[in-house]
J.: 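Attaching a single structure in structure tokens format; questions to follow.
Residue numbers begin at 1 in each chain, while the letters A, B, ... track the order of the sequences.
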Protein chains: 2
Amino acid sequence: MKNTGSRLSMNQPKKLKEVDCDNCGLYRLCQIAGLDADESALDSVVERRKKIANADYLYRAGDRFSGVFAVKSGIFKSISYFDDGREQIIDFHLPGELIGLEAIDEGIYLQSVIALENSSVCDMDFAEMEKLEHKFIAFQGSVIHALSRKVRLDQYQSLLIGAQSAEQRLAIFLISIFSRLRAHDMQAHSFRMPMRKDIANYLGLALETVGRVLKRFEESKLIESKGRHLKICNYSEIQQRAGLIQYDAVTKVA
Amino acid sequence: MKNTGSRLSMNQPKKLKEVDCDNCGLYRLCQIAGLDADESALDSVVERRKKIANADYLYRAGDRFSGVFAVKSGIFKSISYFDDGREQIIDFHLPGELIGLEAIDEGIYLQSVIALENSSVCDMDFAEMEKLEHKFIAFQGSVIHALSRKVRLDQYQSLLIGAQSAEQRLAIFLISIFSRLRAHDMQAHSFRMPMRKDIANYLGLALETVGRVLKRFEESKLIESKGRHLKICNYSEIQQRAGLIQYDAVTKVA
DNA sequence: GATAAAACTTGATAAATGACAATTTTTAAA
DNA sequence: TTTAAAAATTGTCATTTATCAAGTTTTATC
């Protein structure tokens with residue numbers, strides 16, 4: 001492949017982008033706990049901006065549940081294993097999103113979570129949180145909304161299963177990633193992608209197939225990619241190829 | 001195919017099996033609302049055992065959120081649509097399970113839910129529920145657990161994507177259905193299956209493939225099937241073929 | 001019970017994607 | 001900058017599963 005780099009406007013320095021607290025999944029929880037007002041109360045409940053190095057575990061399947069994490073920067077994958085040792089990526093976790101919600105019910109983390117690049121998280125201790133009784137109703141309300149959001153986003157997984165081609169799967173994947181980024185106000189046109197093998201695993205495709213489809217997308221000017229960086233050029237056409245029906249939160253858009 | 005019906009012990013009368021309140025997903029919510037103690041308070045919040053006929057809608061994508069439903073008997077599918085009109089089944093809903101959790105966050109149902117046979121539900125009105133302030137913390141706690149459980153179970157979808165063959169997908173499907181039935185104490189060895197086309201849709205396979213695989217499973221004595229009725233004969237072998245790692249709630253079993 | 005419709009089965013063929021192997025490019029390390 | 005390792009690309013070929021078409025069985029209705 002010819003070096004098309006010079007045509008691209010992607011030569012920004014790689015500065016670490018981080019979600020503001022205002023756009024963080026933990027925001028309402030932090031706010032409720034009075035953490036933005038009272039820095040001293042903060043430390044007992046939320047550990048802020050803990051760094052997780054590339055390829056390190058945030059937690060492992062089987063660990064006892066301690067609390068949920070919010071991604072401040074970077075990207076994580078949560079994985080489960082088949083009994084032949086093959087891993088299956090259950091989800092990617094983008095800045096602003098919460099990790100660990102699946103563990104609240106049974107009190108045990110059922111997936112392992114690994115950083116896909118140098119990343120950072122905030123960590124909210126649920127046991128400590130419960131002690132702040134007077135705030136607890138609001139706290140719970142926020143947890144409910146976070147969970148419901150997660151349930152809602154998980155429907156993309158089912159849509160992937162129904163996709164009729166590799167191309168459609170990739171399109172759905174891109175739509176899902178970028179709509180999620182936008183939800184937390186990250187610059188939602190440009191994104192550092194996971195590795196081919198991780199995308200492939202997540203989508204149930206061979207990594208060669210992922211590469212070929214992305215190349216076709218680039219030839220059709222839907223995206224521009226340089227290295228692991230991907231830029232959306234024609235969102236509506238990608239939406240077209242994803243073939244999803246979009247519902248607005250209030251009105252049925254069709 | 002020869003009629004193997006006489007070999008099967010499946011000629012019980014088709015009496016409507018219904019989950020007890022004790023094993024219902026709404027149970028803790030009902031209990032909290034004091035509904036089992038005080039029948040009069042009940043009516044304002046929970047509509048009990050509303051019948052939904054086969055193929056009728058419980059709600060439609062785009063409807064405003066009113067509350068969650070618990071399946072008392074029967075089975076439902078929730079669906080989303082591709083823009084070519086093709087439907088994608090997001091989930092099946094078995095007795096004891098809750099429907100509508102994805103709508104709490106944005107206040108709008110994002111999927112359409114249809115009964116796959118004559119069914120019944122209880123319906124909990126969230127707006128009414130919020131008025132019972134003194135019970136509200138416990139109520140929210142239960143909602144959180146229900147949601148977390150849902151998030152946890154949704155990981156089966158991802159595992160389906162990773163399955164390497166149609167056979168593995170079917171095995172995972174059977175494991176997921178029967179472990180979910182067992183969670184609500186239904187007789188978890190025998191089950192009235194959805195139609196081939198619905199299973200196929202859910203699993204991302206052609207309905208012919210689903211039929212062929214189930215036939216092979218029957219030849220290998222993993223299951224017995226008569227009409228839409230399916231009986232598990234060799235659970236551990238199915239588990240084997242599903243290839244999933246099982247985690248216990250407390251100890252890592254492997 | 002008879003009839004029609006729906007659901008399911010079965011077989012043949014085609015096509016998309018997986019698997020393999022060899023290069024090339026990118027990234028990381030020295 | 002050089003070097004080594006990791007990741008991504010490219011081409012070929014094999015295989016699973018989708019698709020199509022025809023038949024059979026089951027289910028529902030009169």
Side-chain angles (χ1 to χ4, degrees), chain A residues 1-6 8 10-11 14 53-55 77 84 86 88 116-118 160-171 173 192-219 223-230 241, chain B residues 1-6 8 10-11 14 53-55 77 84 86 88 116-118 160-171 173 192-219 223-230 241:
Chain A
M1 180 173 133
K2 283 157 269 162
N3 179 4
T4 57
S6 53
L8 300 177
M10 285 185 174
N11 25 21
K14 288 177 193 168
N54 180 32
K77 64 177 174 184
D84 59 4
R86 241 174 3 107
Q88 174 60 44
L116 293 178
E117 56 189 61
N118 292 329
L160 282 177
I161 288 183
Q164 286 169 317
S165 65
E167 197 169 279
Q168 194 174 9
R169 283 199 183 178
L170 258 304
F173 173 67
R192 188 161 188 277
M193 297 277 276
M195 288 192 305
R196 292 279 183 275
K197 82 168 192 311
D198 282 335
I199 300 173
N201 179 302
Y202 181 71
L203 298 178
L205 299 169
L207 64 88
E208 295 93 335
T209 304
V210 170
R212 286 186 245 256
V213 171
L214 286 176
K215 193 185 166 201
R216 266 185 273 149
F217 279 2
E218 189 159 21
E219 286 164 356
I223 60 173
E224 284 176 5
S225 77
K226 171 142 179 54
R228 198 152 302 158
H229 230 85
L230 185 139
R241 302 215 188 177
Chain B
M1 179 174 133
K2 283 158 267 161
N3 178 5
T4 55
S6 54
L8 301 177
M10 286 188 173
N11 25 21
K14 286 180 194 166
N54 181 31
K77 64 177 175 184
D84 59 3
R86 237 171 9 103
Q88 175 59 45
L116 293 177
E117 55 189 62
N118 291 329
L160 282 176
I161 288 183
Q164 286 169 317
S165 65
E167 196 167 279
Q168 194 175 8
R169 284 201 182 176
L170 257 302
F173 173 67
R192 187 161 187 279
M193 296 277 277
M195 289 192 303
R196 292 279 184 276
K197 81 167 190 320
D198 282 335
I199 300 172
N201 180 300
Y202 181 71
L203 298 178
L205 299 171
L207 63 88
E208 296 93 333
T209 305
V210 170
R212 287 187 245 257
V213 171
L214 286 177
K215 192 186 166 198
R216 266 184 273 148
F217 279 3
E218 189 160 21
E219 286 165 358
I223 60 173
E224 284 176 5
S225 76
K226 169 139 178 57
R228 198 152 301 156
H229 231 87
L230 185 139
R241 302 215 188 176

J.: Between A/His229 (NE2) and D/dA8 (C1'), how many Å, whole number?
T.: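 The distance from NE2 of A/His229 to C1' of D/dA8 comes to 18 Å, rounded to the nearest Å.
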J.: Starting from C1' on C/dT26, measure out to CE on A/Met193 and report it in whole angstrom.
T.: 16 Å
J.: Can you list, in residue-number order, the parts of residues 201-209 of chain A that come under 4.0 Å of DNA chain C, counting heavy atoms only?
T.: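 Per residue number, the list reads A/Gly204, A/Leu205, A/Ala206, A/Glu208, A/Thr209.
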J.: Report each atom pair, protein N/O against N/O of nucleotides 3-7 of chain C, whose distance is under 3.5 angstrom.
T.:
{"residue": "C/dA7", "atom": "O3'", "partner": "B/Arg228", "partner atom": "NH2", "Å": "3.1"}

J.: With a 4.0 Å cutoff (strictly under), does any side-chain N or O of A/Lys226 reach OP1 or OP2 of C/dT26?
T.: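 Looking at the OP1 and OP2 atoms of C/dT26, neither is under 4.0 Å from any side-chain N or O of A/Lys226.
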J.: Which heavy atom of A/Arg169 sits nearest a heavy atom of A/Leu160, and at what distance?
T.: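 Heavy atoms only, the tightest pair is NE-O, 3.1 Å.
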J.: State which residues pass side chain to side chain contact (heavy atoms under 4.5 Å, CB included) with B/Ala55; sequence neighbours excluded, sorted by chain then number.
T.: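 Result, side chain to side chain contact (heavy atoms under 4.5 Å, CB included) vs B/Ala55: none returned.
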J.: Ignoring the backbone of B/Ala166, work out which of C/dT17, D/dT19, D/dT17 is nearest its side chain.
T.: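 The answer is D/dT17, which lies nearest to the side chain.
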J.: To the nearest Å, give me how far apart CG (A/Leu214) and C1' (D/dT10) are.
T.: 15 Å
J.: Can you sort out the partners of B/Arg196 under side-chain hydrogen bond (donor to acceptor under 3.5 Å, both in side chains), two or more places apart, ordered by chain and number?
T.: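 B/Arg196 satisfies side-chain hydrogen bond (donor to acceptor under 3.5 Å, both in side chains) with no other residue.
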J.: Please round to the nearest 0.5 Å and tell me the distance separating atom CZ of B/Phe173 and atom CE of B/Met193.
T.: 5.0 Å
J.: Bend across the helix from C/dG1-D/dC30 to C/dA30-D/dT1, to 10°, with axes taken over 5 pairs at each end?
T.: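 Answer for the end axes of this duplex: 70°.
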J.: Please confirm whether the backbone N or O of B/Asn54 pairs with a side-chain atom of B/Asn118, one donor and one acceptor, at under 3.5 Å?
T.: yes
J.: Could you tell me the separation between the CG atom of B/Asn118 and the C1' atom of D/dT27, rounded to a whole number of Å?
T.: 14 Å
J.: Rounded to the nearest Å, what distance is computed from the CD atom of residue B/Gln164 to the P atom of nucleotide D/dT15?
T.: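 It is 16 Å, rounded to the nearest whole Å.
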J.: Can you tell me the distance, in whole Å, between the CZ atom of A/Arg212 and the C1' atom of D/dC13?
T.: 11 Å
J.: For residues 200-207 of chain A, run the donor-acceptor check on the side chains, cut-off 3.5 Å, and write out each pair with its distance to 0.1 Å, sequence neighbours left out.
T.:
{"residue": "A/Asn201", "atom": "OD1", "partner": "A/Gln88", "partner atom": "NE2", "Å": "3.3"}
{"residue": "A/Asn201", "atom": "OD1", "partner": "A/Ile89", "partner atom": "N", "Å": "2.8"}
{"residue": "A/Asn201", "atom": "ND2", "partner": "A/Glu87", "partner atom": "O", "Å": "2.7"}
{"residue": "A/Tyr202", "atom": "OH", "partner": "A/Gln157", "partner atom": "OE1", "Å": "2.6"}

J.: What is the distance, to the nearest angstrom, from the CD atom on B/Glu117 to the C1' atom on D/dA28?
T.: 15 Å
J.: Send over the distance from B/Ile161 CD1 to C/dG18 C1', rounded to a whole Å.
T.: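 Roughly 17 Å, once rounded to whole Å.
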J.: Quick one: list whatever passes side-chain hydrogen bond (donor to acceptor under 3.5 Å, both in side chains) with A/Arg228, sequence neighbours left out.
T.: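 Partners of A/Arg228 by the side-chain hydrogen bond (donor to acceptor under 3.5 Å, both in side chains) criterion come out as none, since no residue qualifies.
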J.: So which pairs with a foot in residues 202-214 of chain B pass salt bridge (Lys or Arg N to Asp or Glu O under 4.0 Å), sequence neighbours left out?
T.: none
J.: Check side-chain hydrogen bond (donor to acceptor under 3.5 Å, both in side chains) between A/Gln168 and all other residues, then give those that pass, not counting sequence neighbours.
T.: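 So A/Gln168 forms no side-chain hydrogen bond (donor to acceptor under 3.5 Å, both in side chains) with any residue.
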J.: Donor-acceptor check, side chain of B/Glu218 to backbone of B/Ser225, threshold 3.5 angstrom: yes or no?
T.: yes
J.: For a quick test of reading the model, state the closest non-hydrogen atom pair linking A/Pro194 to A/Ile199 and the distance between them.
T.: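 In terms of heavy atoms, the two residues are closest at O-CD1, 3.5 Å.
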